[in-house]
Amino acid sequence: MADSSEFNAELLLSHKYPETIYTYTERDAVIYALGVGACGRSAVDVDELKLVYHENGQQFVKVLPTFSALFSLKLMPTGALDLPGLEYDPRLLLHGQQYIEIYKPLPSNGSIRNEVSLAGFHDKGKAAIAEIETRSYEKESGELLCMNRMTAFLRGAGGFSKSSQPFSYSNYPKNQVPAVKIPKTQPFKVFEDSTQPSQALLYRLSGDYNPLHSDPMVAKVAGFSRPILHGLCTLGFAVRAIIKCICRGDPDMVKNISGRFLLHVYPGEALITEMWLDGTRVIYQAKVKERNRTVLSGFVDLNRLASSL
Ligand SMILES: CCC/C=C/C(=O)SCCNC(=O)CCNC(=O)[C@H](O)C(C)(C)COP(=O)([O-])OP(=O)([O-])OC[C@H]1O[C@@H](n2cnc3c(N)ncnc32)[C@H](O)[C@@H]1OP(=O)([O-])[O-]
């Protein structure tokens, strides 16, 4: 547990993150899609082939909305987050949540300018929670493309509050990301998918080289029997399942995505995504089949429903 003398709120809240530029090509979008399992069950799946191949050329490939979470990767080149004013062990950092708003379908290639800020910071006793918000603009047009808010769960870094009220700072409305309640009814759709033993080794080629996902020794220090899957890879699998089952394969129907990582996933485990429809909101949870444990839950808001549903 952190000591209150190790925490400097003023330093942390006044910290300015540098703007970053993320440039990608169709090849990056395709490697990402393969990394989250596109065409993993069938190489001729028409819903998913468009994410990795197009008969008229690669510039027509469709890009998954979760690809946007990569735009801020330069912030954490080795998995550590710059949080001046707080002492923490980056080896104990876990991805807690991801919230994404998509304002415009992602182009198949682009140069993206990212504005990054601290959107929240909380003392949870055994852990600290940092929320980093990235607003991403197309460099050429200046148009706002999407917003990602990433929550990092910093194990062992909480308990620093100087008063009896735990320190909590947030600059966005609480009701923007409501907690999901999983319905007690049967799911509207269920989709089962296998991750490969090499899944994290493939996914890391999209730019997240944190050794927690590839190095057995680093994984042990972090408390796992072997390297674990990137949280964003699990989220990519679940959102792809929703796009397949509910959006009839059209990734442009997705407006907002919210996911909370509840438990780690080991590469090679099977993921079962259960989905419920509530208007244009899809409530979902993903379970690891082998351990029958829920590993992720959240919601996806759609622009509209597919006419054939
Ligand atoms: C970041 C980029 C680097 C990427 C790394 C990866 O991909 S790592 C791989 C991907 N990631 C993973 O594999 C991580 C998988 N997840 C886990 O292992 C666990 O859920 C945990 C260790 C994050 C928290 O478990 P626990 O038993 O220690 O927690 P608890 O139930 O006792 O609650 C304590 C407080 O924290 C709150 N809170 C709880 N959970 C979350 C959350 N997810 N998110 C946010 N907040 C959360 C909860 O509401 C409560 O606050 P309240 O209500 O008192 O104000």
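Along the sequence shown, residues carry numbers from 1. All ligand and atom numbering here is 1-based and tracks the order in the structure.
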Notebook entry, point to check: If every non-hydrogen atom of G268 is compared with every non-hydrogen atom of T195, which pair is closest and at what distance?
Noted result: N-OG1, 2.8 Å

Notebook entry, point to check: Excluding sequence neighbours, so at least two apart, what forms side-chain hydrogen bond (donor to acceptor under 3.5 Å, both in side chains) with R291?
Noted result: E269

Next item on the list: Taking only heavy atoms of the protein into account, state which residues are under 4.0 angstrom from an atom of ligand 1, in chain and number order.
Entry: M76, L93, L94, H95, G96, Q97, K124, K126, I129, M150, F153, H213, I228, L229, H230, G231, R260, F261, L262, L263, H264

Checklist line | Minimum-distance pair of heavy atoms, taken over all atoms of V61 and S108 | finding: O-CB, 3.5 Å

Donor-acceptor pairs under 3.5 angstrom involving side-chain atoms of residues 221-237: please list them, not counting sequence neighbours.
{"residue": "S225", "atom": "OG", "partner": "Y266", "partner atom": "OH", "Å": "3.2"}
{"residue": "R226", "atom": "NH1", "partner": "P267", "partner atom": "O", "Å": "3.3"}
{"residue": "H230", "atom": "NE2", "partner": "D208", "partner atom": "O", "Å": "3.1"}

Check: Is the shortest distance from a Lys or Arg side-chain nitrogen in E48 or K50 to a carboxylate oxygen in the other one below 4.0 Å?
Finding: no

Would you give me the side-chain donor-acceptor pairs under 3.5 Å for residues 245-260, sequence neighbours excluded?
{"residue": "R248", "atom": "NE", "partner": "S308", "partner atom": "OG", "Å": "2.8"}
{"residue": "R248", "atom": "NH1", "partner": "C245", "partner atom": "O", "Å": "3.3"}
{"residue": "R248", "atom": "NH2", "partner": "S308", "partner atom": "O", "Å": "3.4"}
{"residue": "D250", "atom": "OD1", "partner": "D252", "partner atom": "N", "Å": "2.9"}
{"residue": "D250", "atom": "OD2", "partner": "R304", "partner atom": "NH2", "Å": "3.4"}
{"residue": "D252", "atom": "OD2", "partner": "K62", "partner atom": "NZ", "Å": "2.6"}
{"residue": "N256", "atom": "ND2", "partner": "D301", "partner atom": "OD2", "Å": "3.2"}
{"residue": "R260", "atom": "NE", "partner": "Q97", "partner atom": "OE1", "Å": "2.6"}
{"residue": "R260", "atom": "NH2", "partner": "Q97", "partner atom": "OE1", "Å": "2.9"}

